[in-house]
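Here's the structure we're looking at; comments come further down.
In what follows, every chain begins at residue 1, and chains take the letters A, B, ... in the order their sequences are listed. Just so we're clear, the structure is a prediction, and the values are computed from it rather than from any experiment.
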There are 2 protein chains.
Amino acid sequence: MVNPISCKADTALDVLVGKWTHKILYQLIKNETMRFNELKRAIPGITQKVLTAELRELEEQDIVIRKIYAQIPPKVEYSLTGYGATLIPILEAMDQWGKNHKKHLEELAADQERSGES
Amino acid sequence: MVNPISCKADTALDVLVGKWTHKILYQLIKNETMRFNELKRAIPGITQKVLTAELRELEEQDIVIRKIYAQIPPKVEYSLTGYGATLIPILEAMDQWGKNHKKHLEELAADQERSGES
DNA sequence: CGGGATCCTGTAGGATACTG
DNA sequence: CAGTATCCTACAGGATCCCG
């Protein structure tokens, strides 16, 4: 029998969900540590407000850490915490599955065309 | 260097996200095959409309299959497809991580109390 | 029994302007 | 530079009623 999932996937989903969350994490995985505007530039389309909000949430959850340099002009650096890094395998699994799923959906579409769908 | 995630996690997230999606999948993993109202009863709080919509989406993505018995009263059975089952490891990983994350958050809260947060 | 058709609402997320 | 502070909108999701 399949190992039953006790439904705490919500908790993980809560962290990962959000239109931009995983892209932020992706950047921090790739670049280790980034400044606010660096992140903003790396993620086209996101607004300051949303980026700030997401980063605050991730910070609260101990997934990213925020280093503030008391200087003018301000400098703030974000990076993954060690704990946050435990998300990487999940993101990688989802990434893999996602890639495969895209292919799968295309094949499905092709099949349906061949069998003459409306 | 960390294996960069190419950002197709969106695709997987798209499938999994939705307030109820993973609970539906959870039920189908546990019970193999279920009728509409069985699912509805197993997932307290969900409405027919939403359940129907989610099932349709999952069906379109070839993750669940819908078996209709032409009879009165109607009988419709839902179950995971073999392809849909490839999601199980991801759900399990998220479940594990989610459980651990809950503990982690509690520890964080306790730490902050001890250090005298406002 | 397993939905479809409507109508409604909360909130995640966007646009824009201002600031230490 | 790295944010706040407002205001606004789209849409996921909910409530309800109807139907073969």
Side-chain angles (χ1 to χ4, degrees), chain A residues 7 9-28 31 33-61 63-80 118, chain B residues 7 9-28 31 33-61 63-80 118:
Chain A
C7 238
D10 322 38
T11 313
L13 245 5
D14 274 359
V15 175
L16 263 12
V17 168
K19 196 170 168 186
W20 306 100
T21 321
H22 66 281
K23 300 197 179 184
I24 295 172
L25 294 177
Y26 170 51
Q27 289 301 323
L28 293 179
N31 301 327
T33 162
M34 298 177 78
R35 301 184 56 172
F36 184 85
N37 276 344
E38 238 179 313
L39 270 167
K40 190 167 177 305
R41 262 177 267 115
I43 306 173
I46 199 169
T47 61
Q48 311 92 311
K49 181 200 148 188
V50 172
L51 180 53
T52 308
E54 298 255 29
L55 285 170
R56 290 288 187 280
E57 255 175 71
L58 291 170
E59 195 193 355
E60 262 173 50
Q61 314 238 36
I63 289 167
V64 309
I65 195 164
R66 180 160 173 258
K67 238 179 271 183
I68 308 149
Y69 297 83
Q71 61 182 49
I72 305 278
K75 176 178 173 184
V76 180
E77 283 184 347
Y78 293 91
S79 38
L80 268 192
S118 68
Chain B
C7 237
D10 321 37
T11 313
L13 245 5
D14 275 357
V15 175
L16 264 10
V17 168
K19 195 169 168 188
W20 306 100
T21 322
H22 67 281
K23 300 198 178 185
I24 295 172
L25 294 176
Y26 170 51
Q27 290 301 324
L28 292 179
N31 301 325
T33 161
M34 298 177 78
R35 301 184 57 172
F36 185 84
N37 276 344
E38 239 178 314
L39 271 167
K40 188 164 178 306
R41 262 177 269 116
I43 306 173
I46 198 169
T47 62
Q48 310 92 313
K49 182 200 150 190
V50 172
L51 179 54
T52 308
E54 300 254 29
L55 284 169
R56 291 287 187 281
E57 256 176 70
L58 291 170
E59 196 193 354
E60 261 172 51
Q61 314 239 39
I63 289 167
V64 310
I65 195 164
R66 180 160 174 257
K67 237 178 269 181
I68 308 149
Y69 296 82
Q71 60 183 48
I72 305 277
K75 176 178 174 184
V76 181
E77 283 183 347
Y78 294 91
S79 37
L80 269 192
S118 68

With a cut-off of less than 4.0 Å, is there a side-chain N or O of [X] near OP1 or OP2 of [N]?
X	N	answer
A/Tyr78	D/dG3	yes
B/Arg35	C/dG3	no
B/Arg56	C/dG4	yes
B/Arg41	C/dG2	no
A/Lys49	C/dA17	no
B/Trp20	D/dG14	yes

Among D/dA15, D/dG13, D/dT4, the nucleotide that comes nearest once only the side chain of B/Glu54 is considered: D/dG13

Options C/dG2, C/dG14, D/dG14, nucleotide nearest the side-chain atoms of A/Lys19: C/dG14

Nearest-Å distance for atom pair [atom1]/[atom2], residues [X] and [N]:
X	N	atom1	atom2	answer
A/Ile43	C/dG13	CD1	C1'	14 Å
B/Gln71	C/dC1	CD	P	12 Å
A/Leu51	C/dA15	CG	C1'	16 Å
A/Ile24	C/dG13	CD1	C1'	12 Å
B/Gln48	D/dA15	CD	C1'	9 Å
B/Glu59	C/dG2	CD	C1'	13 Å
A/Arg66	D/dC1	CZ	C1'	12 Å
A/Leu16	C/dA12	CG	C1'	16 Å

Taking every non-hydrogen atom, the tightest pair across [X] and [Y]:
X	Y	answer
A/Arg35	A/Pro74	NH2-O, 3.4 Å
A/His22	B/Leu13	ND1-CD2, 3.7 Å
B/Leu39	B/Gln27	CD2-CB, 3.8 Å

Counting any heavy atom closer than 4.0 Å, what does [X] reach on the DNA or RNA strands: base, sugar-phosphate only, or nothing?
X	result
B/Pro73	sugar-phosphate
B/Lys40	nothing
B/Tyr69	nothing
B/Gly45	nothing

Residue mapping more 5' on DNA chain C - nearest nucleotide basis, A/Pro74 or A/Val17: A/Val17

Heavy-atom side-chain contact between A/Val64 and A/Arg66 under 4.5 Å: no

Neighbour count >12 (heavy atoms, 6.0 Å) for atom NZ, B/Lys67: no

Neighbour count above 12 (heavy atom, 6.0 Å) for B/Ile43 CD1: yes

